[in-house]
Participant: 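First, the structure itself, so that you have it in front of you.
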Amino acid sequence: MLGVQSKSARNWAMACHFAAFSGYLIPFGWVLGPLLVWLLKRHDHSFVNYHGKESLNFQISVIIYAMIFGLLCFVLIGFPLLFILAVVQIVLVIIASIKASNGMLYRYPLTIRLIK
């Protein structure tokens, strides 16, 4: 555990997760948003470093899953899988943001851990 977190650290950790929603507005925002917050604040707080890496790993995993499901659209099963993936992404980002806001660590399920 990383101990008791300051309000600033909790807010930046929460921003690492919420920044992923920028992907709905700008291309590659799912990764660029969390990456930007993480790069700016990772050295200031170990809590932000943890949540930034977790958010990036999850968003990269979602992109990989989306590409696979996109290919499955040729056999029609990909369409419902992409919809389910989008809903799961939104729900898990909100849960992770709430956990970060409360000063808790959170690990996304089914995440490929590329950034250690």
Participant: Rounded to the nearest 0.5 Å, what separates atom CD1 in Ile112 from atom CZ in Phe58?
Facilitator: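 It comes to 11.0 Å.
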Participant: Restricting to pairs with a member in residues 19-40, which pass side chain to side chain donor-acceptor pair (under 3.5 Å), not counting sequence neighbours?
Facilitator: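 As it turns out, the side chain to side chain donor-acceptor pair (under 3.5 Å) pairs with a partner in residues 19-40, which skip direct neighbours, are Tyr24-Gln89, Trp38-Asn49.
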Participant: Tell me the closest heavy-atom pair linking Ala9 and Val48, and the distance in Å.
Facilitator: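 Distance-wise, the nearest heavy atoms are O-CG2, 3.4 Å.
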Participant: Of the non-hydrogen atoms in Cys16 and Gly52, which two are nearest, and what is the gap between them?
Facilitator: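 Cys16 and Gly52 have their closest heavy atoms at SG-CA, 3.7 Å.
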Participant: Looking only at heavy atoms, which two atoms of Ile60 and Leu114 are closest? And how far apart?
Facilitator: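 Smallest heavy-atom distance, with atoms named: CG2-CD1, 3.4 Å.
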Participant: Quick one: do Val87 and Ile94 end up in the same hydrophobic cluster if we chain Ile, Leu, Val, Met, Phe, Trp and Tyr together by side-chain heavy atoms under 4.5 Å apart?
Facilitator: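 Looking at the clustering, Ile94 is in the same group as Val87.
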Participant: Which residue pairs pass the side chain to side chain donor-acceptor pair (under 3.5 Å) test when at least one of the two sits in residues 11-20, sequence neighbours left out?
Facilitator: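 Every side chain to side chain donor-acceptor pair (under 3.5 Å) pair that includes a residue of residues 11-20, provided the two are not neighbours, is His17-His51, His17-Tyr108.
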Participant: Could you tell me whether the side chain of Arg10 reaches within less than 4.5 Å of the side chain of Ser101, counting heavy atoms only?
Facilitator: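 Sidechains of Arg10 and Ser101: no contact.
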Participant: Tell me the closest heavy-atom pair linking Tyr106 and Ala96, and the distance in Å.
Facilitator: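 Looking at all heavy atoms of both residues, the shortest contact is CD2-CB, 3.5 Å.
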Participant: What about Met104 and Leu92, same hydrophobic cluster or not, with Ile/Leu/Val/Met/Phe/Trp/Tyr joined at side-chain heavy-atom distances under 4.5 Å?
Facilitator: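 No.
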Participant: Determine whether Leu36 and Ile63 fall in the same hydrophobic cluster, where Ile, Leu, Val, Met, Phe, Trp and Tyr are linked whenever their side-chain heavy atoms lie under 4.5 Å apart.
Facilitator: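 They do not share one cluster, since no chain of ILVMFWY contacts under 4.5 Å joins Leu36 to Ile63.
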Participant: If we only count heavy atoms from C-beta on, is the Glu54 to Arg113 side-chain gap below 4.5 Å?
Facilitator: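 The answer is yes, as the side chains (C-beta and beyond) meet within the 4.5 Å cut-off.
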Participant: For residues 64-84, tabulate all N or O donor-acceptor pairs below 3.5 Å that involve a side-chain atom, not counting sequence neighbours.
Facilitator:
| from | atom 1 | to | atom 2 | distance (Å) |
| --- | --- | --- | --- | --- |
| Tyr65 | OH | Leu110 | O | 2.6 |

Participant: Say you draw a straight line from NZ of Lys41 to CG of Leu39; how long is it, rounded to the nearest 0.5 Å?
Facilitator: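 Output value for this atom pair is 12.5 Å.
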Participant: Using side-chain heavy atoms (C-beta onward) and a distance below 4.5 Å, is Val93 in contact with Gln59?
Facilitator: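 Answer yes - side chains close enough.
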Participant: If hydrophobic clusters are built from ILVMFWY residues whose side chains come within less than 4.5 Å, do Phe21 and Leu35 share one?
Facilitator: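 Yes, same cluster.
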Participant: Calculate, to the nearest 0.5 Å, the distance between atoms CG and CD1 belonging to Asn102 and Ile98 respectively.
Facilitator: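 Asn102 atom CG to Ile98 atom CD1 measures 7.5 Å (nearest 0.5 Å).
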Participant: Looking at every heavy atom in both Ala19 and Gly33, which two are closest together, and how far apart are they?
Facilitator: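 Minimum heavy-atom contact is CB-C, 3.4 Å.
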Participant: When clusters are formed by joining ILVMFWY residues with side-chain heavy atoms under 4.5 Å apart, either directly or through shared neighbours, do Phe28 and Phe18 land in the same one?
Facilitator: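 Shared cluster, no.
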Participant: To the nearest 0.5 angstrom, please state how far the CG atom of Leu56 sits from the CG atom of Leu32.
Facilitator: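 Here the interatomic distance stands at 9.5 Å.
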Participant: Working to the nearest 0.5 Å, report the span between OH of Tyr50 and CG of Leu105.
Facilitator: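 Reported value, rounded in 0.5 Å steps: 5.0 Å.
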